[in-house]
Every structure is written in structure tokens, then in C-alpha cells.
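One structure is given here, and the rest of the page talks about it.
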2 protein chains.
Amino acid sequence: MSAGPLPTIHEVARLAGVSVATVSKTLNRSGKVSEVLQERVNAAAQKLGYAPHASARSLRSGATRILGLLVADLTNPYFLRLVENIERLSSAAGYSVILCNSAEDPEREERHLAMLLSQRADGAIVIPTRRGWSGRLAALSSLPMPGILVDRRIEGLDLDSVTTDNLTLGRLAAEHLDDLGHRRVGVIMGSPEHQIARHRLDGFRTGFAERGVTLDERLIEKNNFSEMAGHAAALRLLSRSTRPTAIFATNNHLALGLLRAVGERGLSIPDELSVIAVDELPWAGLVRPGMTVVTQPSEAIAETTVSTLLRRISEGRSGMDEDDNERSIQLPPALVVRGSTAAIRKQP
Amino acid sequence: MSAGPLPTIHEVARLAGVSVATVSKTLNRSGKVSEVLQERVNAAAQKLGYAPHASARSLRSGATRILGLLVADLTNPYFLRLVENIERLSSAAGYSVILCNSAEDPEREERHLAMLLSQRADGAIVIPTRRGWSGRLAALSSLPMPGILVDRRIEGLDLDSVTTDNLTLGRLAAEHLDDLGHRRVGVIMGSPEHQIARHRLDGFRTGFAERGVTLDERLIEKNNFSEMAGHAAALRLLSRSTRPTAIFATNNHLALGLLRAVGERGLSIPDELSVIAVDELPWAGLVRPGMTVVTQPSEAIAETTVSTLLRRISEGRSGMDEDDNERSIQLPPALVVRGSTAAIRKQP
DNA sequence: TCTCATTTGTTAAACGTTTTCTTAGCGAGT
DNA sequence: ACTCGCTAAGAAAACGTTTAACAAATGAGA
């Protein structure tokens, strides 16, 4: 509508017949401004369609009200739920979110972090790449901007982190299967050099151990995290002379591969095989017997992440010294029982 | 590592023993700077870990190198693929992306647009809310910043838009089913007041009409876009005395509901019913006979969107006048045949 | 009436860049 | 020797805010 570039605070001031300082104070509700002037200012701003220039504002004030969100893998539905929730919460708190996808590539991660630094984001939320941590991630712990890790912790770094309690997650799965009488259980997991996979397995193992059951190590398939790997692993498990009566798939992609394999073998779930997976899946409703899963508390994780980061930001602003560093928050998963697991029928 | 706040261009200049102007010219490769000084500057910048202050830069230069990405529904997997591709392309072109989710809520859309305006984003990519267009969206066509619509066109606005050619999409589905001999076909679609649904149906109808087949209007289920609606509609279709031999589900959610209904009825696909859907689905590999789908060209759409917007931005910068307005780009979908459709067996 | 507080408003100085304009330096042509 | 170009470097003026410091105005107490 209006021609020419956007109006500045000066034009608002001129139209309202006051100084720019008065306009600024009015619009930010800081300082004292009389009722009558406030109205004049607001009217003028309204009429001109004034929108404060964020760059100018942050240049002067030092805060950008921007959060960086750097995700390791945008194709992972679990991360997507996190992104969605984090965006919602940040936005509600008055922060904009710059979305970055590193696609599991440390180099992209590095570049994005440099960009976020240049943008002077007030904070960064990072789901880090699997392979090692870049120097720039380490730098987050100190000065440039407060950062927080989500879902994946990095051992050596003293950065806040919010993750699922994966030990408990494994244990929940174990206890459920044990309750149903399963003793010969298979596990399809990613590489044990990744903390998450390791913790889930450890929890699973512990859960059974506490009930006096020892896992058959030969039924633990350790590979990578892809659907193909899950498929192959499942076929191996199902081809054994005495195949497991239940299988625990420790992530989304692996579960997909497992289900595909089960379908190909024509096995019926849960009659011939019980299956328990991790995370609510978008297509969960589709699978005929609904999937029994251990879910990660994605809303709670998003909420804790954002609130913790915002707290760090305000602390930093007030110059508080780093006292309670190395806060690693772990949130509890939940078991959702559906039709894909059942009590064992016959003991062959 | 380094204590205190981040270094400015002045500190780099002092360390290199030159003026700030020289540093700026060196770092931006603008203006003439002698070899030796360039090296001194780069070394100093490197040593200090200098990162240019984006706010200051854009305040002076007028460009933020930020793109707004405002999505109507982050839970839609198709939109997610768009987001992923758009982020990748923008990032490769040196732009950062501010992600906003309106969640089909016009009010949130409005707020986000105001925020993007305040941030002085260089451009905005918008998948608009279904219900009506906000005044601020209309404003995009004129001055504040160049904007482009994706996936959903808005009739009255003279804004660039990039969408799937939904007429052709419908026609492709129709021709495929006709080739297989289907004559009694059902359609499960969203509300016909939405252009997309209407176009897909029109194309579908036309495709059959061109082969001399008239659709049975009673088999066209018009509801909303939810999975629940799809499920209910499917149940209605499958309960008819003479049920259709094939069903066309015009979107993701509806297809999910349809498949659930088919499962509940214990019908076998494609022997008793052929099913064709829209869009590659994340869980496509899972469904036993793979799904036959008409896919939207999401990569091409993302590519066209970003390049068109960036062109608009540079045009705007060079002050070019709006000549070829109202560009509505439509990209062709593709048919992917899998196992969920088959030639009709018996004619009951 | 004169001071002194207290309120309300304005002036002007930052914030960290980019960029225009100016100047210094210098070799070449007369 | 003097001017004329030419190049590389620097000085300083923006860009649009916020905010500290200050001025003006008002009312109260003596």
C-alpha cells in the first residue's frame, strides 16, 4: 500500500509531534510517558504501519530475540516433533527461530554455527551430529552464546543437555516383555558406540537381569540406524533355528525395517512374534495390531529445553557466574501398550 | 575460550594496524586492498575469531540475508519435505531461514508476518492458511518484502506462486485407473471450496470423461482433510451394496484413514480394491502391496520457489518495476505405479 | 518568593558496520 | 620543476534504535 521504504521511528515522532525518545519509551513501555502522548504516539505508529527495525534495535540493545535451532536430521520424525514444539514455545516467548539442518554432516553443522554466531542469536538449541563434536560446538559452552544440547549428549562438553532417560526406556521395554513371559528376546539396535543405543541396551539388559533373566547375546543385532540395516538384522533373527519370541527395535527406522521383514516372512504379530518399538510413529494407526512402544516425552523435552535455554540467556544477561554447570537433564519415557505384544503362547 | 564479548571490526583493525575501512573492504572483497594488507587483516581476523555482526551489517546495508518460511502445517509430511529442501537451497545460497508455523491459524500467520517484517527479512515464503488471507499477506505483494506462495494459491492476490499442477495430477490418477479397467471408482477428498481439492477432482473427472467414462457422483466423498474424515468416508464407500472397485484418496491424511478402514474390513488390496493416493508417504514401504501414488514434485517446487524469490529480491534491489506480475507457476506431478492398483478381475 | 524534589520530555551519544569522499603518495608526461 | 592522473588507504557520515544525561515544568514547603 504505502509507497517508499518503511517508516522509521523518526517519522512516527514527527507525526505525533514528539521526540523519538518518547516514541521509543511508549512502544517499549519503558520510562514514564503521559497518557495523552502515549495515545498520540500509538495512533501515529498505527497510521504509518510502523514496524521497528529489528537490526537497529538489536545493534543497540545487544539482544536479537532470535534462537538458533540446529538439527542433525530433518527427516527423523521424532526430531520433527521436537522442532515443531520448540518453534511453538519459542514463538510464544517472543523469540524467532532460525532453522538449520546439518543432515548429519559435521561440516554443515560447523558452517551453521558460524552463521548463528554472526547473527548473534541469543541462544542455540542443537541436536548434534553423530560423528564427533566440532570445535565450534565446544565454544558454545563459553562465551559467544548460551547453547543447549537436545536428545544427544556429548560426553566431554560442559553444556546443558536435555535427553530421554534411555536407561529407563530400555528397562521399561524389558519389564513389559518379561511380564508377558518372554525369555528369548531379540534386540535390533544401532552402533553401540553411540551413547543412546548403548543406554537403551544397557537398560534393557538390566531390566531383565533384575528379574533374573540373562539376554542371549547372539540375539543382539548391532548395526547402523537405517531401515535397511533393521530389515537385514530382522531377517537374520527370524531365520535362526529357534527364533526369538519377541523383538525390541530401538529406533524408528529400525522398526520400519523390522516390520517389513516380518511382513515378508508372513509372520503374524503378536501371535508368532511380539514387537516393541521406540517412539510414537506417524503411521502407528496403520499397522494392524497397534504398535506397543516406549515413547520419548517430546513435549516435555521441548519445554525443558526452551525454558532452560531462556533461563541461561537471562542469567547471562545479568552477568551471573557459571555455578551449576554440566546440567544434564533426563526425562522419563513412557510405555504405551497396544496390540503388537502379547503373552507368550507355547514354549517350543 | 576468549573472555569478554566478541571482537569488533575495530579490534581487528587495530591488531592489523589498519583502518576499519580496510578491514571491511578486505573481508567483503570489495574495493582495492594491497596483498600485504589483506594478509595482515585476514590473520588478525582469524586470530581474534572475528565474526561480523549481522545486525550492524544489515542496518547499514539494508539487506539481512534472511528468508522467512511460514508454513501452514508442520505436521504435514509433504510440507516437511518442502521445508527441508527450501532450507537446504536457501542455506546454499547464503540465506538463513526463520521458520514459522501458523498451524492453520490465521492469527498466528498474521503475527508471524509482522515479526518477519520487523526482522526485515529479505523475502518470505508462505504456505498460507486455508481460511482466507490476512491483510498482511496481501501487503506482501507490494512493498515491505517480496513474497511467494507455495502449494496453495490465493485467487485474488497478485503474488508469485508455485504449486503442483493439480489438474494433471487428477488426470494421471484417472488415466491409470482407466487403463486398468476400473469404471466404478470412488474419490475421497477434502472440501471442494479449496482450490487444490477442486482441481484434483476436476482433473480426475476430466481424465475419465476424455475416455468416455462418467463418474458416479454418489461415490465422491467430500469432507474435510483429516484422517478421521477419510476413515469415515471410506467406510461409507465400502458399505455400499455395489462398492467401488478402486478409490482415489486425494491427500495424505485421507489415505491413512482409507487404509485403516480397508484393514478393518479385511479387504485385500489390490485383489478386492485398488487404491491410489497422493504423495510419497514416509511409511509407504510398510504397506504390504506398495502404494501406487501420484507424487508432487517437491524438490522442483522448492527449487523454483527459492530461485524465483531470490530473483525477485535482486530485482527489487535494483529497483526494477513490476512488469510480469501474477506469475503462477505450476509443476507437473508424476505417477508411481506400485502394487496397490491392479487390473480389475471380475465384473460383479 | 525562593528553593528543592519530582515528574515528563528532549538531546545526543552510542551500537558495529558499509561506503562515499578525501587525501596522501607517486610515477609519468611536458 | 610542475602538473596530471592514478591507486591505496583512511576519515567520517550514515543506518534506526535505546538510553543515559540533562532540561523544563510543576507543585510543595519554608
Side-chain angles (χ1 to χ4, degrees), chain A residues 4-42 44-45 48-66 115 117-122 144-145 317, chain B residues 4-42 44-45 48-66 115 117-122 144-145 317:
Chain A
L6 279 63
T8 78
I9 200 176
H10 287 94
E11 331 211 24
V12 177
R14 195 155 44 81
L15 179 57
V18 299
S19 74
V20 292
T22 304
V23 177
S24 176
K25 283 175 189 158
T26 304
L27 266 32
N28 300 322
R29 290 166 183 65
S30 66
K32 301 281 168 201
V33 177
S34 68
E35 287 282 349
V36 44
L37 284 200
Q38 289 205 25
E39 299 216 354
R40 287 232 303 272
V41 167
N42 287 327
L48 292 180
Y50 170 72
H53 194 304
S55 295
R57 190 200 289 256
S58 30
L59 176 57
R60 171 63 219 226
S61 71
T64 56
R65 298 199 79 79
I66 285 182
M115 181 273 286
L117 181 58
S118 245
Q119 294 286 354
R120 299 296 194 272
D122 286 342
M145 53 188 166
R317 200 165 306 301
Chain B
L6 279 64
T8 78
I9 201 176
H10 287 94
E11 331 211 25
V12 177
R14 195 155 44 81
L15 178 57
V18 300
S19 74
V20 292
T22 303
V23 177
S24 176
K25 284 173 190 160
T26 303
L27 265 33
N28 299 322
R29 290 166 183 65
S30 65
K32 301 280 168 203
V33 177
S34 69
E35 286 282 349
V36 45
L37 284 200
Q38 290 207 24
E39 298 216 355
R40 288 230 304 271
V41 167
N42 287 327
L48 292 180
Y50 171 71
H53 194 304
S55 295
R57 191 199 288 256
S58 27
L59 175 57
R60 171 63 220 224
S61 70
T64 55
R65 298 198 81 78
I66 285 182
M115 181 272 288
L117 181 59
S118 246
Q119 294 287 354
R120 298 296 193 275
D122 287 342
M145 55 189 166
R317 199 164 307 301

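Since the structure is predicted, the reported quantities are computational estimates derived from the model, not experimental observations. Below, chains carry the letters A, B, ... as their sequence lines are ordered, and counting in each starts from 1.
Here A:S34 lies in heavy-atom contact (under 4.0 Å) with sugar-phosphate atoms only. B:T22 comes within contact range of the sugar-phosphate backbone alone, with a heavy-atom separation under 4.0 Å but no base atom that close.
Nearest to the side chain of B:V20, among C:dT11, D:dT17, D:dA12, sits D:dA12. In this structure, of C:dG9, C:dT17, C:dT11, it is C:dG9 that holds the atom nearest to the side chain of A:L37. Distance from the side chain of B:L59 is smallest to C:dG16 among C:dG16, D:dA11, C:dT18.
The minimum heavy-atom distance linking A:G62 with A:D122 is given by the pair O-OD1, 4.4 Å.
With the nearest nucleotide of DNA chain D identified for both A:N28 and B:V18, B:V18 has the one nearer the 5' end. DNA chain D is contacted by both B:A56 and B:K25; B:K25 maps to the nucleotide lying nearer its 5′ end (nearest heavy atom per residue).
Screening B:L15, B:L6, B:L27 against B:Y50 for a side chain to side chain contact (heavy atoms under 4.5 Å, CB included) leaves a single residue, B:L27.
Between A:R57 and D:dT18 there is a side-chain N or O to OP1 or OP2 distance below 4.0 Å. OP1 and OP2 of D:dA9 both lie 4.0 Å or more from every side-chain N or O belonging to B:S19.
Although no hydrogens or angles enter the test, the distance criterion places no donor-acceptor pair under 3.5 Å between the side chain of B:T26 and the main chain of B:Q38. When atom types are taken as modelled, the side chain of B:Q119 and the backbone of A:A54 share no donor-acceptor pair closer than 3.5 angstrom.
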